[in-house]
Amino acid sequence: MEKWVGKVAVVTGASAGIGEAITKDFAKLGINVIGLARRSEKIEKFASSLGEVLGIVYAKACDVSDLKSVKETFKWIEETFGTVNILINNAGVGYGVKILDEGDDVTEKLTETIDTNFTGVINCTREAVRLMKLSGDYGMVININDICGHYLPSFEEESLNVYAPTKFALTALSEVLRRELIEQGNDLIRVSSINPGTVKTEDNDDQDIEELPHIKPEIISDGVQYLLKQPPNVNITQLTMRPVGEKF
Ligand SMILES: NC(=O)c1ccc[n+]([C@@H]2O[C@H](COP(=O)([O-])OP(=O)(O)OC[C@H]3O[C@@H](n4cnc5c(N)ncnc54)[C@H](OP(=O)(O)O)[C@@H]3O)[C@@H](O)[C@H]2O)c1
């Protein structure tokens, strides 16, 4: 990991769950992290309790689904840090609704899911890759996808509504991005995805998750580090991390 020490990482959805775990581990490893979330005060809170760590955590309020918010955030990043070396597209939402449920509240949830999980990734990636290219340094984009981005597990009664389609789209987006970089002759920036199975986080804490095989967010952070540790000519494009015994 030495090559990333002192570099600049942006982690979206850093205020909870997997994003929080990645942010904390980066800081411990000496990577400077800009944590983005709507509730940036949550990032500030855990950052101040980290004690003596090698990297600095900066908390920045940003709604990844809002292009204006993303552009303002990356303008600030460019002016303050000059570049981005690592982007972790982690921010994501999922709601327990069905596409065919009626009501404006359902429409809003479906739209938010698409705007966050898919459009949000495009918004942040375009800005971050622009800065990576300016630096001429190595770069890494890691998308936190899902096993649901590759096949449809069947859950009794529960619909994967537009959540799974956004993650399928993310699978395609990752590969399209990798190919566009090759077409541009860029062999410094790599694109990878992690596909977690069930992870116990804020998002699913209210469910009977204790009864299901699950892994901790820190395990996904370990996966991120595994991807970053690879030699510059190795691009692990997909890493699936599931708890042992996961049935669906
Ligand atoms: N947990 C699992 O079992 C699991 C499994 C597979 C994949 N994943 C994926 O892993 C990622 C992280 O999930 P998690 O379980 O850690 O979720 P989580 O605990 O609910 O955290 C979600 C994070 O996303 C942020 N976020 C949501 N909407 C945002 C927006 N519009 N702009 C900026 N930040 C936003 C939240 O911050 P604010 O609310 O403060 O904005 C929060 O920090 C997601 O992409 C999810 O699909 C999770």
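One is the number of the first residue; the rest follow in order along the sequence. Side-chain atoms are counted along with the backbone in the values below, which use heavy atoms only and exclude waters and symmetry mates. For ligands, and for the atoms within them, numbers begin at 1 and follow the listed sequence.
A side-chain donor-acceptor contact under 3.5 Å links N145 and T171. Using modelled atom types and a 3.5 Å distance limit, the side chains of T198 and E246 yield a donor-acceptor pair. Counting only N and O atoms by type, the side chains of N235 and T237 include no donor and acceptor under 3.5 Å apart. Between the side chains of S221 and D25, at least one donor N or O sits under 3.5 Å from an acceptor N or O.
N123 pairs by the side-chain contact (heavy atoms from CB on, under 4.5 Å) definition with L67, V70, T119, not counting sequence neighbours.
Considering both main-chain and side-chain atoms, V93 never comes within under 3.5 Å of ligand 1 through any nitrogen or oxygen pair. At least one N or O atom of V64, backbone or side chain, sits closer than 3.5 Å to an N or O atom of ligand 1. Between G13 and ligand 1, an N or O atom pair is found at a separation short of 3.5 Å. Considering backbone and side-chain atoms together, E112 places no N or O closer than 3.5 Å to any N or O of ligand 1. Geometrically, ligand 1 and P196 share no nitrogen or oxygen pair separated by less than 3.5 Å.
Counting the atoms of ligand 1 from 1 in the order shown, those under 4.0 Å from a heavy atom of G17 are 16 (O), 19 (O). If you number the atoms of ligand 1 from 1 as listed, the ones under 4.0 Å from a heavy atom of S15 come out as 36 (C), 37 (O), 38 (P), 40 (O), 42 (C), 43 (O). Near Y163, meaning under 4.0 Å from one of its heavy atoms, ligand 1 places the atoms 7 (C), 8 (N), 46 (C), 47 (O). The T198 neighbourhood of ligand 1 comprises atoms 3 (O), with distances under 4.0 Å to a heavy atom of that residue. Of all atoms in ligand 1, listed by their number and element, those nearer than 4.0 Å to a heavy atom of I144 are 9 (C), 10 (O), 11 (C), 45 (O). The distance from ligand 1 to the heavy atoms of D63 drops below 4.0 Å at these ligand atoms: 30 (C), 31 (N), 32 (N).
Between K28 and E218, no side-chain nitrogen of the basic residue sits less than 4.0 Å from a carboxylate oxygen of the acidic one, so the salt-bridge criterion is not met. Looking at E78 and R130, a side-chain N of the basic residue comes within less than 4.0 Å of a carboxylate O on the acidic one, giving a salt bridge. Residues E175 and R178 are paired through a salt bridge, judged by an N-O separation under 4.0 Å between the basic side chain and the carboxylate.
Contact annotation for E20 and ligand 1: no heavy atom of the residue comes within less than 4.0 Å of the ligand.
Ligand 1 is approached by C62 to a heavy-atom distance shorter than 4.0 Å. The closest approach between a heavy atom of T12 and any atom of ligand 1 is not below 4.0 Å. Within the structure, the closest approach of K167 to ligand 1 falls below 4.0 Å when heavy atoms are considered. Under a 4.0 Å heavy-atom criterion, N145 is in contact with ligand 1. Ligand 1 has no atom lying under 4.0 Å from any heavy atom of S40.
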Point to revise | Verdict with supporting geometry, R179 and E183, salt bridge (Lys or Arg N to Asp or Glu O under 4.0 Å) | key: CA-CA 6 Å; R179 291 186 196 184; E183 279 164 22; over 6 Å; no
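Looking at heavy atoms from C-beta onward, K109 lies out of side-chain contact with N161 at the 4.5 angstrom threshold.
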Could you go through residues 44-62 and list every donor-acceptor pair under 3.5 Å that involves a side-chain atom there, pairing it with any protein atom two or more places apart or in another chain?
unit_1: S48; atom_1: OG; unit_2: E44; atom_2: O; d: 3.3
unit_1: S48; atom_1: OG; unit_2: K45; atom_2: O; d: 2.8
unit_1: S49; atom_1: OG; unit_2: F46; atom_2: O; d: 2.9

